[in-house]
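Below is one structure, written out as C-alpha cells; comments come after it.
Residues: numbered from 1 along the sequence shown.
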Amino acid sequence: MPTSLATVIYVGIMLWLFRRDIRQKPNVTGALWIPLIWLLIIMSRFISSWLGIFGIHVGGSSVEEGSPVDALGSGILIIAGLRVLIRRGVRLGEIVRQNRWLTIFFIYCFLAVLWSDFPFVAFKRWIKILGQPIMVLILFTEPDFETALITLLKRCAYVVVPISLLFIKYYPDLGRGFSEWTGQGFNTGITLGKNELGVDCFILGFFFFWYALRVLKMEKSRFRRNELILCGVFLGFIWWLMNRAQSNTPFVSCVIGIVLMLILGRRSVRKENIGTYILVTVVVLGLAEYLFSISDIFFDLLHRDRTLTDRTKVWADCLAIPINPIIGVGFESFWMGKRQEIMNEKWGWHPNEAHNGYLETYLNLGLVGLFILLALLLATFWKARRELLANFHLGRFRVSFLIAVVVYNWTEASFKALHPVWFIFYVIALDYPRPQQNTAPEPAELVHDPAETSPYDTNDEGEENKNFGFVVPR
C-alpha cells in the first residue's frame, strides 16, 4: 500500500474513533482534553521532537536545561490545569488531608532541591512533577471519575496505537531504529525507544483488559458488543506492538497485573485478605529462590542473561560513586555533572537512569527519600484495598496496577517526573472527594437509545451496581 494512502486510512480511523467516542456522550467535560494532551506527550515524544519531524528546529537543548519549547508547553498545560482546579474549588487542605504520604514525598523532594549540585535545574524539574497530580485531579473532579479515566485512556489509545502501527510499517525512519553499537534493529513506534513503546503497551494493554472485564459485567446490548469488539481489536494490536518492542520488563509487569486482576475476580478469593495473600506469595517466592534458584528458569524463559542486560553492573557502578547516603545528591540530580561523565566513560550507551526505581530514589533522595517512597507505596496499597471492598472494579484496577508498578521498578525507573507509569501511579495513589452522582431519572428527551448507551454496570457478584456513566452531561 502506498505510504500516502496508508496515512490517510490510519488518520481516518483515528478521527472515526474520536467521533464515535464523542457521539456516545460520555459524562465528561471539555477540561479532559488538558490531561489527554499531557498524557499523549509523555507517552510519545516531546513537543520539540515532534516539531523536528516537520523540519522545525527550535534550537539546541542540554540534559541539564532541556528544551525551552518543551518547558513552555508543560508550563501552559500546568497553568491551564490549575485554572480548571481553581474554578472547581479544589481545596489544598483536603488534598493534604487525604494524601499525607504523597504530600510528605512532594515536600521532601522540594527540600532536596536545596542540596542539589544544580538547584535551579532541580527546581524546574520539581515544578514539572506538579503537573502529574494536577492532571489527575482534573479526573477526580470530573462528574464521574471512572468514566473520565476510561475516556482518557481510550482516547489516548486512539492516537498511540494507530500512529505506532503507521510509523513502524510505513515510516521506518520514524518508527524504527538501530543500535549504534550492535547494529541490531528495534521498533519504537510513536516513541523514541523500544522500552518507551513497551511502557505504552503495558499501560494500554492493562487498561483494555481491565475495561473488557468491566464491560463483560454489563447487560447484553449493542453497546456492550461494540465495546468488547473495540477491546479485542486494541488488545490484538497492542500485543503485536509489544512483540515488536521486545521490551521484557513492561511485558512481565503487564502480565503480572492482568493475572492479579483475574485472581481478584474469583469468588473464592476473599478481597479483605489481599494483603495476606500478597505477603504469603512474596515469602513463598523468596524461599523458592533461596532453595531452588527459580529466577534461573525465569531468565531462561525471557532469554535474558543474569546481569539483566548489564543492569546489575550499572547498579554496582552507581553505588560506587560517593554520595550522602542519608539525603542523596538532590532531587533528580544524580545524572548530571561529574557523575554523568563518570558513567558515560564507563558505558558507551550513556545511561541516564539507574534502571531500578528504588536505587534511583536512593541516589537522588537518600535513605530518607527511599523510606518515604516505600511508605507512600504502602499507603497506596491500603487505599487500593479499601477501594477494592467499596468499588470492586476500580479497586481491582488500583491494586493490580500498584503491584505491576512495584515489579516494573525493579529493572526500570518510573518514580520520576514525566514517566507515563508515574502518571497512572498518581491515578491510584491520589484520593480526593468525588462528585456525587446524580441518580435522578433522565428527562425523556435526553435519554438515548438503550442499544447505543451503556446499561447498568454490575459488581463482581453479578448484581446491578450503578450506571456506567455514559449519560448526557448537565
Side-chain angles (χ1 to χ4, degrees), residues 1 5-41 43-44 138-139 142-167 169-170 189-190 200-201 203-241 393 397 427 442 445-458 466-474:
M1 183 186 300
L5 177 59
T7 303
V8 171
I9 292 174
Y10 277 79
V11 172
I13 291 172
M14 288 169 50
L15 295 176
W16 177 81
L17 287 169
F18 271 96
R19 179 175 178 271
R20 174 185 180 274
D21 182 86
I22 293 172
R23 289 186 65 185
Q24 289 178 343
K25 298 185 182 297
N27 193 18
V28 297
T29 70
L32 191 67
W33 292 100
I34 299 173
L36 176 62
I37 294 172
W38 177 275
L39 187 57
L40 284 173
I41 290 174
M43 289 186 73
S44 60
I138 292 177
L139 299 182
E142 285 289 298
D144 186 313
F145 168 71
E146 291 182 58
T147 303
L149 175 62
I150 291 168
T151 304
L152 174 73
L153 292 177
K154 284 171 66 176
R155 290 177 179 178
C156 186
Y158 296 161
V159 176
V160 170
V161 174
I163 294 298
S164 292
L165 294 170
L166 179 66
F167 279 8
K169 293 180 66 67
Y170 296 99
I190 197 172
D200 288 359
C201 293
I203 293 172
L204 296 177
F206 178 91
F207 160 70
F208 274 108
F209 197 92
W210 169 78
Y211 182 52
L213 294 177
R214 198 177 192 281
V215 173
L216 280 170
K217 292 295 184 179
M218 297 179 185
E219 294 177 352
K220 291 184 178 180
S221 67
R222 185 187 305 171
F223 176 86
R224 177 180 182 270
R225 180 199 63 195
N226 291 342
E227 290 301 285
L228 287 176
I229 292 173
L230 179 76
C231 291
V233 170
F234 268 93
L235 284 171
F237 283 133
I238 290 168
W239 174 261
W240 187 87
L241 288 171
H393 291 295
F397 182 96
V427 172
E442 293 287 326
E445 67 271 14
L446 293 182
V447 177
H448 298 293
D449 180 359
E452 295 293 340
T453 58
S454 60
Y456 288 94
D457 192 12
T458 58
K466 65 176 185 177
N467 192 278
F468 186 68
F470 286 94
V471 297
V472 178
R474 291 178 173 77

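Applying the 6.0 Å contact sphere to CH2 of Trp239 captures no more than 12 heavy atoms from other residues, nucleotides or ligands.
The backbone N or O of His393 sits less than 3.5 Å from a side-chain atom of Trp210, completing a donor-acceptor pair.
Under the 4.0 Å criterion applied to side-chain N and carboxylate O atoms, Glu227 and Arg20 are assigned as salt-bridge partners.
Cys156 has its side chain within reach of Leu36: a pair of non-hydrogen atoms, C-beta onward, lies under 4.5 Å apart. Annotation: side chain of Ile150 is in contact with side chain of Arg214 (closest heavy-atom distance under 4.5 Å). Put simply, the side chain of Phe145 reaches to within 4.5 Å of the side chain of Val427, judged on heavy atoms. In this structure the side chain of Val233 reaches within 4.5 angstrom of the side chain of Phe237, judged on heavy atoms.
With rounding to the nearest 0.5 angstrom, the CG atom of Leu230 is 13.0 Å from the CZ atom of Arg225. Atoms CG and CG, from Asp200 and Leu39 in turn, are 8.5 Å apart once rounded to the nearest 0.5 Å. With rounding to the nearest 0.5 angstrom, the CG atom of Asp21 is 10.5 Å from the CH2 atom of Trp16. With rounding to the nearest 0.5 angstrom, the OH atom of Tyr211 is 11.5 Å from the CD atom of Glu146. Taken from CG in Leu139 to CG in Asp144, the straight-line distance is 11.0 Å, to the nearest 0.5 Å. With rounding to the nearest 0.5 Å, the separation of NZ in Lys154 from OG1 in Thr147 is 9.5 Å.
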| request: With side chain to side chain contact (heavy atoms under 4.5 Å, CB included) as the test, would you mind laying out the steps for Arg155 and Ile22 before giving the verdict? | output: CA-CA 10 Å; Arg155 290 177 179 178; Ile22 293 172; 4.0 Å; yes
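Nearest heavy-atom pair across Pro35 and Ile138 is CD-CD1, 4.0 Å. Taking every heavy atom of both residues into account, Leu241 and Cys201 meet most closely at CB-SG, 3.6 Å. Between Ile238 and Gly205, the closest heavy-atom pair is CD1-N, 3.8 Å. Summarising the geometry of Pro26 relative to Thr151, their closest heavy-atom pair is CB-OG1, 3.7 Å, with the distance given to 0.1 Å. What you find for Leu153 and Leu204 is that their closest heavy atoms are O-CD2, 3.9 Å. When all heavy atoms of Arg224 and Leu216 are compared, the pair lying nearest together is NH2-O, 3.3 Å.
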Show me the donor-acceptor pairs within less than 3.5 Å that the side chains of residues 160-167 make with the rest of the protein, sequence neighbours left out.
from, atom 1, to, atom 2, distance (Å)
Ser164, OG, Val160, O, 2.8
Ser164, OG, Ile190, N, 3.1

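Ring centers of Phe397 and Phe207: at least 6.0 Å apart, outside the cut-off.
In terms of the ring-ring contact (aromatic ring centres under 6.0 Å, His included) criterion, residue partners of Tyr158 (sequence neighbours excluded) are, by chain and number, Phe18, Phe234. Residues satisfying the side chain to side chain donor-acceptor pair (under 3.5 Å) test with Thr29, not counting sequence neighbours, are Arg88, Glu142.
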